[in-house]
Every structure is written in structure tokens, then in C-alpha cells.
Chemist: 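Got a structure here, written out as C-alpha cells. Questions coming.
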Amino acid sequence: MSSTPPGRSRNGEVARLLEGIAGLLEVKGEQAFRVNAYRNAARRIEGLSEPIETVHTEGRLREIQGVGVALEQKLGEYLTTGSLRYYEALRAEFPPGLVELLEVPGLGPRKARLVFEQLGVGSLVELEAAAREHRLRDVPGLGERTEQNLLTEIDRLKRRTTRHQVEATLTIAEELLDRLRACPAVRRAVYAGSLRRMQDTIGDVDLLVAAERPEEVERCVLELPQVRDVLRQGPARTSILVRGGLQVDVRAVEPKSWGAALQYFTGSKAHNIRLREIAIKRGWKLNEYGLFDERTGTLVAGAEEDDVYDALGLQPIPPELREDTGEIELAAEGRLPRLLELSDIRGDLHLHSNWTDGGSSVEEMARAALALGREYIALTDHSKSLGVTNGLTEQRIAEQRLVIDEVNQALAPFRVLQGTEMDIKREGRLDYDDETLASLEYVSASIHSGMKQTREVMTERIARALRNRYVATLNHPHGRLIGSRAAYEVDMAAVIRVAVEHGVALEINSQPARMDLESIWARRGRDAGAKFAINTDAHATGQLGLMRFGVATARRAWLGPEHVLNAWPLADLLGHLAARRRIP
DNA sequence: GCCGTTTTCGGCCCGACTGTTTTCAGTCG
């Protein structure tokens with residue numbers, strides 16, 4: 001198993017463990033339903049609304065759907081000791097490289113077992129050698145095409161990029177959709193899948209197209225200028241690779257199936273399975289073509305997505321919630337929460353100007369925010385110890401005050417609050433004294449250095465900073481940079497407790513490379529009574545529009561306007577900040 | 001291996017595409 005990224009919850013790691021067990025059981029030829037039980041549990045844990053380690057510590061593993069007596073024991077052992085004897089014993093039955101074989105697209109458990117038994121192939125290296133020496137084609141059930149395809153897939157696997165950032169992926173998806181909409185056969189075209197659910201990273205892109213004759217769409221897809229490679233093609237579904245190794249699946253359906261198909265291809269898988277179970281209980285069958293009466297085969301619903309939910313007795317469920325973490329039960333009772341929307345956002349409490357490392361002036365940033373409909377911003381340039389950014393000394397804070405006053409006069413009633421993104425130094429010391437902090441209208445605090453400290457030290461360092469009465473918000477609480485830097489080690493549950501106790505908000509940073517705090521922790525914070533600030537961390541006017549990504553994360557965390565400081569009117573925000581300063 | 005206002009035993013979500021098959025298993029999403 002790969003090691004845990006520091007500070008992140010272990011849900012993904014545990015899900016991969018169960019997937020690994022499922023794969024090996026499958027190679028052994030175990031009963032499919034037993035294999036599926038592991039897969040099902042893996043999916044549930046991956047989509048859990050809270051960290052699995054918390055669930056374990058609190059003795060609630062059995063409350064997870066799909067976890068029974070046996071899995072509770074296995075998960076407990078793994079979470080406590082870091083390994084699982086059952087899994088190790090299972091692995092010992094095969095060559096150590098067999099698990100990686102299952103990673104090769106096109107090579108499932110049956111073929112893996114075949115090549116192992118017939119050729120003794122037990123690793124990726126051996127598989128590649130066997131393919132190059134044309135030994136695979138002689139295995140009964142395989143052939144020349146399979147041999148060639150596996151070579152291609154092994155090659156791709158070596159150069160595989162991991163998950164993609166949501167913003168860049170969205171851009172590519174929009175470009176493809178523009179092209180597809182220009183295709184004469186196409187009526188409607190949208191993105192679905194994890195992109196529509198706005199997960200913070202994207203594996204592949206699912207595009208859905210409506211056409212009177214879906215089979216005509218295939219040609220349009222193959223003629224897209226973005227196509228680098230074709231993985232699969234057919235009248236209903238075509239899979240291509242575009243730049244950056246991004247896989248795009250295009251699915252075409254008739255307009256009468258549009259809603260059912262959109263529902264189906266938005267997922268998540270766990271959410272869809274629950275819906276299909278509900279359909280079955282009502283004597284129906286749900287697939288991507290519609291909701292059908294099982295006996296008569298007549299179409300019950302399918303043209304629009306809301307029709308499908310409505311027929312199943314559910315409120316329409318926002319895509320960001322579709323993870324089977326309680327949304328279906330609430331939708332059945334008509335009690336889904338009112339989620340935050342981009343239009344609820346009134347302010348932006350984290351942005352920089354050219355006084356430090358930003359690219360725009362204070363006035364430019366203010367005018368750009370105003371143009372986006374914001375009512376206020378907090379200018380949070382860096383503090384003095386962050387030298388590389390030309391962090392503000394106390395003297396320069398005083399000088400900047402005058403500039404902000406001028407802008408406020410010019411743009412009233414729009415309001416620029418003078419704030420700071422202040423470094424939390426080692427041992428939790430702050431970069432300004434209380435007198436300076438008192439002179440600022442909004443104080444947010446960040447970790448920018450010393451990220452390799454131990455979990456205990458980091459947790460206490462942050463906690464100490466949050467106990468200062470002037471600190472209103474903890475910025476990007478996990479410090480991760482997607483694809484380049486793992487989160488630092490920290491006891492986030494403890495940080496959340498301290499934040500709630502002292503009335504400190506947690507930031508959801510909208511930068512696509514950050515998306516920090518992650519939605520799983522934000523939801524946990526919400527349940528613990530935390531407040532949030534959803535900010536762009538813009539370093540130039542063009543980045544003020546990144547807010548949509550932070551809002552998406554907030555929605556995935558089930559946040560409403562009441563949880564988000566910068567969705568409040570300015571007077572309410574100022575009242576909250578003043579109250580915070582009265583809490584010691 | 002899990003689970004239950006149809007069941008504590010007998011079920012367990014659904015369809016498309018590929019390749020090697022002469023009618024379908026394997027794989028994927």
C-alpha cells in the first residue's frame with residue numbers, strides 16, 4: 001500500500017486496501033458477491049463524510065453501510081497497526097507484483113490469473129517482457145490484439161498523470177463542449193461525472209450529449225481537434241485521450257433519455273446504486289435510458305433529471321451532495337439543506353495587492369471585486385517575516401491605511417477592510433504584536449514555513465495562534481498544493497475544536513491548487529459548529545473569479561450562507577469580528 | 001461479506017465495448 005499523505009484523512013488509503021483485497025480475491029476466483037462486499041465497503045469509505053480514523057476511534061465502524069462484523073475487525077486492525085494480516089496472507093499466495101498487474105486497464109482478474117498460471121507472469125515488468133516476446137498471444141483466450149493493447153496500456157501507465165486540477169479540467173471540458181455543440185447532430189451537451197459534482201480533483205471527464213440519432217455523434221467526437229488517442233469507440237459511447245493524458249468519455253443518448261442519462265453519468269456510483277435500489281423496491285428499473293416499469297417496460301421518467309428524482313419520491317439533489325452520505329434520506333423527507341450559492345457571496349476576505357506579492361493595486365483589486373458584485377473585501381497582504389513577498393512592516397501598514405481610506409472614499413458604500421495574512425511562526429508566535437493587530441480590521445493567520453514539524457508540534461502551534469483574540473480566520477488550514485505538496489501533519493479535529501471554542505473561522509481557499517480546507521473536513525467542522533470564510537486568495541484582479549471553486553467545496557461540505565462569514569452583510573460581519581475580539 | 005416493513009437465508013445495480021468467440025466472457029465505467 002502507498003503511504004498516507006500527511007495530514008489527510010485515511011479514507012482513500014483504506015478504500016485502496018479493500019480494493020486490493022477485492023482484486024486478489026477475484027484472481028483467486030472467489031465468489032463475486034464476496035468480492036463485491038469489499039468493493040462496496042471501499043466505495044462507502046471513500047465517500048464517507050468524515051475521516052475513517054475518527055469513526056474508528058469513536059467505535060462507529062459498524063454504522064458504515066457495508067461494514068459488518070468481519071470488516072469491522074479487519075478495519076480496526078489496519079487502522080490500529082497500519083497493516084492487516086489477512087491482506088498480507090492473501091498477497092503471499094501470489095507474486096508480490098500481481099496487485100500492480102491489476103492496475104493495467106484491460107487486464108482484469110481473469111486474464112491476470114491466466115498469464116500467471118500459463119506463463120508465470122507476476123509483475124508489470126514480466127508482463128511487458130512477455131508481450132514484447134509475443135508470448136501472450138499463445139495463451140488460450142488472449143490474442144494478438146490483446147497483446148498489443150496491453151503493451152500500449154503499460155506504456156500509458158508508465159507516463160500516467162495522476163488526478164487533474166478541477167479548473168484546468170473544466171477549461172478543457174468547455175472547449176470540447178463548444179465543439180460538440182457545433183456538430184449538427186447534437187441537441188444538448190454538458191459535462192457530468194466528478195466535474196459536475198465538483199470534486200476537488202478530477203480523474204477523467206464525462207461528457208453527455210443528446211441527439212435524435214445518437215450514433216451520429218461518434219463521428220463528431222472522433223473529428224475533435226483535441227483528440228490525441230482513441231481508447232474505445234461505439235455508437236453510444238466513445239472514449240478519447242486529450243492533452244495532458246486526460247481521458248474523456250463522451251456518451252450520446254436520445255433526448256427522451258436526457259435526464260436519466262445526466263443523472264446516471266453524474267454519479268457518484270454509490271449514490272446511483274442507492275437510487276436503483278429505491279427503484280427496484282417500487283417495481284421499477286433505473287438505467288441511463290430512464291426509469292421503467294419492470295413489468296410493462298413503460299417509461300416512467302427520464303426526459304429531465306428532476307423528473308427521475310421526483311418519480312422516486314426525492315427532492316432534486318444538488319450534484320455536489322451526491323455521494324450517499326445522507327443526502328438521499330433527507331431528500332426523501334424533503335429536508336435537504338439550503339446550500340450556499342455563488343450569488344450569496346458578498347465579500348472576499350483573502351486577497352493581495354502590489355504592496356506585497358500581488359500584481360494589482362489596492363484600487364484595482366477593489367474595483368474588480370465591485371464589478372463582480374462584491375460589497376466588501378479584506379485586503380490581506382503578507383506580514384513582515386515573509387520577506388520574499390515584501391511583507392508589510394508596521395510602518396508600511398500605517399502607510400497602506402491612508403491608501404485604503406482613499407479607495408473607500410471613492411467607492412463607498414463598497415468597503416475595503418484593512419487586514420493581514422499573518423504568518424504563524426514556530427511555536428505559534430505571531431508576526432505582529434497585539435497593538436498592531438488591534439489596528440487592523442481583519443486578521444487572518446497562515447502557516448507558510450516549518451511545514452515538516454511533527455503532528456503534535458504543528459497542532460499546538462496552530463492552536464496557540466488561534467487563541468489570540470485578534471485572529472479571526474485560519475487560512476488554508478492544511479497547507480496542501482494539489483499535485484506538488486502534501487498537506488502538513490496536523491490533528492485537524494483538534495484544530496477544529498479550538499477554532500469553534502474561540503470563534504475563529506476556517507478558510508476554504510478557492511485556489512484550484514489548494515482547495516483547502518477540503519470538503520470532508522469542512523463538513524466535519526460544520527457539524528462541530530465552525531464558521532467559514534470562502535476566499536480567492538487572489539494575487540491579481542483576474543483571480544477574483546476563482547470564488548466558484550471555493551463555493552463548490554462549501555456545497556460539498558453542506559454549508560449554507562449561515563455558515564459563511566463573507567456571505568453575511570458587512571454589518572453582521574463587523575459585529576462578528578468585534579465579538580471575536582471579546583473572546584479571550 | 002453484508003443485509004432485512006417482502007427475507008436471519010437467499011438474495012445482492014446496470015449496460016456498452018472489445019476480442020476471441022461461433023454465441024459470449026471479460027472488462028470497464
Side-chain angles (χ1 to χ4, degrees), chain A residues 18-19 21-23 25-27 29-45 61-75 86 90 101-115 136-150 152-153 192-194 203-208 214-215 217-218 230-240 247-253 257 260-261 263-292 294 324:
Chain A
L18 297 179
E19 284 286 352
I21 293 174
L25 289 176
E26 221 168 8
V27 176
E30 261 292 349
Q31 199 194 141
F33 291 114
R34 188 153 168 256
V35 173
N36 230 355
Y38 282 94
R39 293 241 158 83
N40 177 46
R43 219 168 36 235
R44 301 274 184 175
I45 289 167
L61 285 173
R62 284 293 299 278
E63 290 176 19
I64 301 170
Q65 278 286 314
V67 175
V69 178
L71 277 175
E72 179 190 33
Q73 188 276 322
K74 290 186 172 77
L75 291 172
Y86 174 74
L90 199 55
L101 275 190
L102 298 174
E103 300 277 308
V104 181
L107 191 80
R110 312 307 276 255
K111 288 178 188 167
R113 184 172 180 177
L114 260 182
V115 297
L136 287 185
R137 60 180 64 176
D138 298 329
V139 176
L142 305 187
E144 212 175 318
R145 294 296 298 274
T146 304
E147 184 176 272
Q148 189 52 51
N149 287 344
L150 286 177
T152 308
E153 292 296 352
S194 57
D204 55 21
V205 172
D206 294 293
L207 302 183
L208 180 65
E215 66 277 7
V217 174
E218 180 185 355
V230 178
L231 299 176
R232 265 183 301 276
Q233 52 184 302
R237 168 183 231 149
T238 305
S239 297
I240 57 173
Q247 180 176 333
V248 180
D249 296 335
V250 185
R251 185 63 195 260
V253 296
S257 295
Q263 193 290 311
Y264 182 87
F265 287 104
T266 297
S268 67
K269 190 165 189 167
H271 177 90
N272 285 359
I273 288 175
R274 287 290 310 282
L275 256 50
R276 271 171 255 152
E277 287 169 357
I278 293 173
I280 289 170
K281 286 202 180 101
R282 297 188 174 212
W284 295 330
K285 181 175 71 168
L286 178 62
N287 59 29
E288 59 264 56
Y289 299 109
L291 185 61
F292 299 93
E294 187 69 75
D324 189 23

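Note that the structure is predicted; figures quoted are calculated from it, not measured. Side chains included, hydrogens not; waters and symmetry mates left out as well; all remaining heavy atoms used. Here is how names work: the chains are called A, B, and so on, in the same order as the sequence lines, proteins then strands, and each is numbered from 1.
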Chemist: In whole Å, what is the span from the CD atom of A/Glu72 to the P atom of B/dC2?
Modeler: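 Computing the A/Glu72:CD to B/dC2:P distance gives 10 Å.
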
Chemist: Between A/Asn36 (CG) and B/dG1 (P), how many Å, whole number?
Modeler: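 Atom-to-atom, A/Asn36 to B/dG1, this comes out as 14 Å.
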
Chemist: Given the P atoms of B/dT6 and B/dC12, what is the spacing between them in whole Å?
Modeler: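 Straight-line distance between the two P atoms is 16 Å.
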
Chemist: Separation of A/Leu18 atom CG from B/dG1 atom C1', in whole Å?
Modeler: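 Rounded to whole Å, this separation is 11 Å.
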
Chemist: Sequence neighbours left out, what passes side-chain contact (heavy atoms from CB on, under 4.5 Å) with A/Thr238? Give chain and number order.
Modeler: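 A/Glu218, A/Val221, A/Leu222, A/Gln233, A/Ile240.
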
Chemist: I need a per-nucleotide contact map over nucleotides 19-29 of chain B, read 5' to 3'. Cutoff is protein heavy atoms under 4.0 Å; write B for the base, S for backbone only, - otherwise.
Modeler: SSS----SSSB

Chemist: Counting Watson-Crick and G-U wobble pairs with both distances under 3.5 Å, what is the dot-bracket string for DNA chain B, 5' to 3', using [ ] for crossing pairs and | for pairs to another strand?
Modeler: ((((....)))).((((((....))))))

Chemist: Partners of A/Asn149 by side-chain contact (heavy atoms from CB on, under 4.5 Å), sequence neighbours excluded?
Modeler: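 If we apply the side-chain contact (heavy atoms from CB on, under 4.5 Å) test to A/Asn149, skipping adjacent residues, there are no hits.
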
Chemist: Among residues at least two apart in sequence or on other chains, which ones pass side-chain contact (heavy atoms from CB on, under 4.5 Å) with A/Glu215?
Modeler: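 side-chain contact (heavy atoms from CB on, under 4.5 Å) check on A/Glu215 returns A/Arg213, A/Pro235.
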
Chemist: Can you name the closest pair of heavy atoms from A/Leu107 and A/Lys111 and give their distance?
Modeler: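 So the minimum-distance heavy-atom pair works out to CD1-CB, 3.5 Å.
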
Chemist: CG of A/Leu71 to CD1 of A/Ile64: how many Å apart, nearest 0.5 Å?
Modeler: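 Taking CG in A/Leu71 and CD1 in A/Ile64, the distance rounds to 9.5 Å.
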
Chemist: Return the value, rounded to whole Å, for the distance between atom CG of A/Asn40 and atom C1' of B/dC14.
Modeler: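 It works out to 15 Å between those atoms.
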
Chemist: Applying side chain to side chain donor-acceptor pair (under 3.5 Å), name anything that partners A/Ser239, two or more places apart in sequence or on another chain.
Modeler: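 Side chain to side chain donor-acceptor pair (under 3.5 Å) check on A/Ser239 returns A/Asp249.
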
Chemist: Is there a side-chain contact between A/Val104 and A/Leu150 in this structure, where contact means two heavy atoms from C-beta onward sitting under 4.5 Å apart?
Modeler: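 The answer is yes, as the side chains (C-beta and beyond) meet within the 4.5 Å cut-off.
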
Chemist: From CD of A/Glu294 over to C1' of B/dC14, roughly how many Å is that when rounded to an integer?
Modeler: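 One finds 11 Å between C1' of B/dC14 and CD of A/Glu294, rounded.
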
Chemist: Sticking with atom P, work out how far B/dT27 lies from B/dT20, rounded to a whole angstrom.
Modeler: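 Looking at atom P only, B/dT27 and B/dT20 are 13 Å apart.
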
Chemist: Where the side chain of A/Asn287 is defined as all heavy atoms beyond and including C-beta, which of B/dA16, B/dC14, B/dC2 is the nearest nucleotide?
Modeler: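 Among the listed nucleotides, the one closest to the side chain of A/Asn287 is B/dC14.
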
Chemist: Rounded to the nearest angstrom, tell me the gap between atom CD in A/Gln31 and atom P in B/dG10.
Modeler: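 Rounding to the nearest Å, CD of A/Gln31 and P of B/dG10 are 13 Å apart.
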
Chemist: Does A/Tyr289 make a side-chain N or O approach to OP1 or OP2 of B/dA16 shorter than 4.0 Å?
Modeler: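 Yes.
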
Chemist: Could you work out the separation of B/dT21 and B/dA25 based on their C1' atoms and round it to a whole Å?
Modeler: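 Going atom to atom, C1' in each nucleotide, I get 9 Å.
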
Chemist: Run the side chain to side chain donor-acceptor pair (under 3.5 Å) test against A/Asp206 and tell me which residues pass, sequence neighbours left out.
Modeler: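 Here no residue qualifies.
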
Chemist: In whole Å, what separates the P atom of B/dT5 from that of B/dG1?
Modeler: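 About 23 Å, rounded to a whole number of Å.
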
Chemist: Holding to side chain to side chain donor-acceptor pair (under 3.5 Å), I want the full list of residues that pass it with A/Arg274, two or more places apart in sequence or in another chain.
Modeler: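 Side chain to side chain donor-acceptor pair (under 3.5 Å) check on A/Arg274 returns A/Asp324, A/Glu329.
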
Chemist: Could you tell me the separation between the CD atom of A/Gln233 and the C1' atom of B/dC17, rounded to a whole number of Å?
Modeler: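 In whole Å, B/dC17 C1' lies 10 Å from A/Gln233 CD.
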
Chemist: Test of understanding: with side-chain contact (heavy atoms from CB on, under 4.5 Å), list the residues that count as partners of A/Arg237, not counting sequence neighbours.
Modeler: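 If we apply the side-chain contact (heavy atoms from CB on, under 4.5 Å) test to A/Arg237, skipping adjacent residues, the hits are A/Arg251, A/Phe265.
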
Chemist: With C1' as the reference atom in both, quote the distance from B/dT8 to B/dC3 in angstrom, rounded to an integer.
Modeler: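 My reading of the C1' atoms in B/dT8 and B/dC3 gives 9 Å.
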
Chemist: Polar pairs (N or O, both sides) under 3.5 Å between protein and nucleotides 5-8 of chain B?
Modeler:
none

Chemist: Under the rule for side chain to side chain donor-acceptor pair (under 3.5 Å), what residues qualify as partners of A/Arg137, not counting sequence neighbours?
Modeler: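 Only A/His134, A/Glu147 meet the side chain to side chain donor-acceptor pair (under 3.5 Å) criterion with A/Arg137.
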
Chemist: Whole-Å distance between B/dC14 C1' and A/Glu277 CD?
Modeler: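 Value for this atom pair: 12 Å.
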
Chemist: Enumerate donor-acceptor pairs with a distance under 3.5 Å from any side-chain N or O in residues 33-42 of chain A to protein atoms, sequence neighbours excluded.
Modeler:
{"from": "A/Arg34", "atom 1": "NH1", "to": "A/Glu30", "atom 2": "OE1", "distance (Å)": "3.1"}
{"from": "A/Arg34", "atom 1": "NH1", "to": "A/Glu30", "atom 2": "OE2", "distance (Å)": "2.6"}
{"from": "A/Arg34", "atom 1": "NH2", "to": "A/Tyr86", "atom 2": "OH", "distance (Å)": "3.2"}
{"from": "A/Arg39", "atom 1": "NE", "to": "A/Glu19", "atom 2": "OE1", "distance (Å)": "3.0"}
{"from": "A/Arg39", "atom 1": "NH1", "to": "A/Glu26", "atom 2": "OE1", "distance (Å)": "3.4"}
{"from": "A/Arg39", "atom 1": "NH2", "to": "A/Glu26", "atom 2": "OE1", "distance (Å)": "3.0"}
{"from": "A/Asn40", "atom 1": "OD1", "to": "A/Arg43", "atom 2": "NH2", "distance (Å)": "3.1"}

Chemist: Please work out if A/Val69 contacts a base, only the sugar-phosphate, or nothing of the nucleic acid, heavy-atom cut-off 4.0 Å.
Modeler: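 A/Val69: backbone/sugar contact only, no base atoms under 4.0 Å.
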
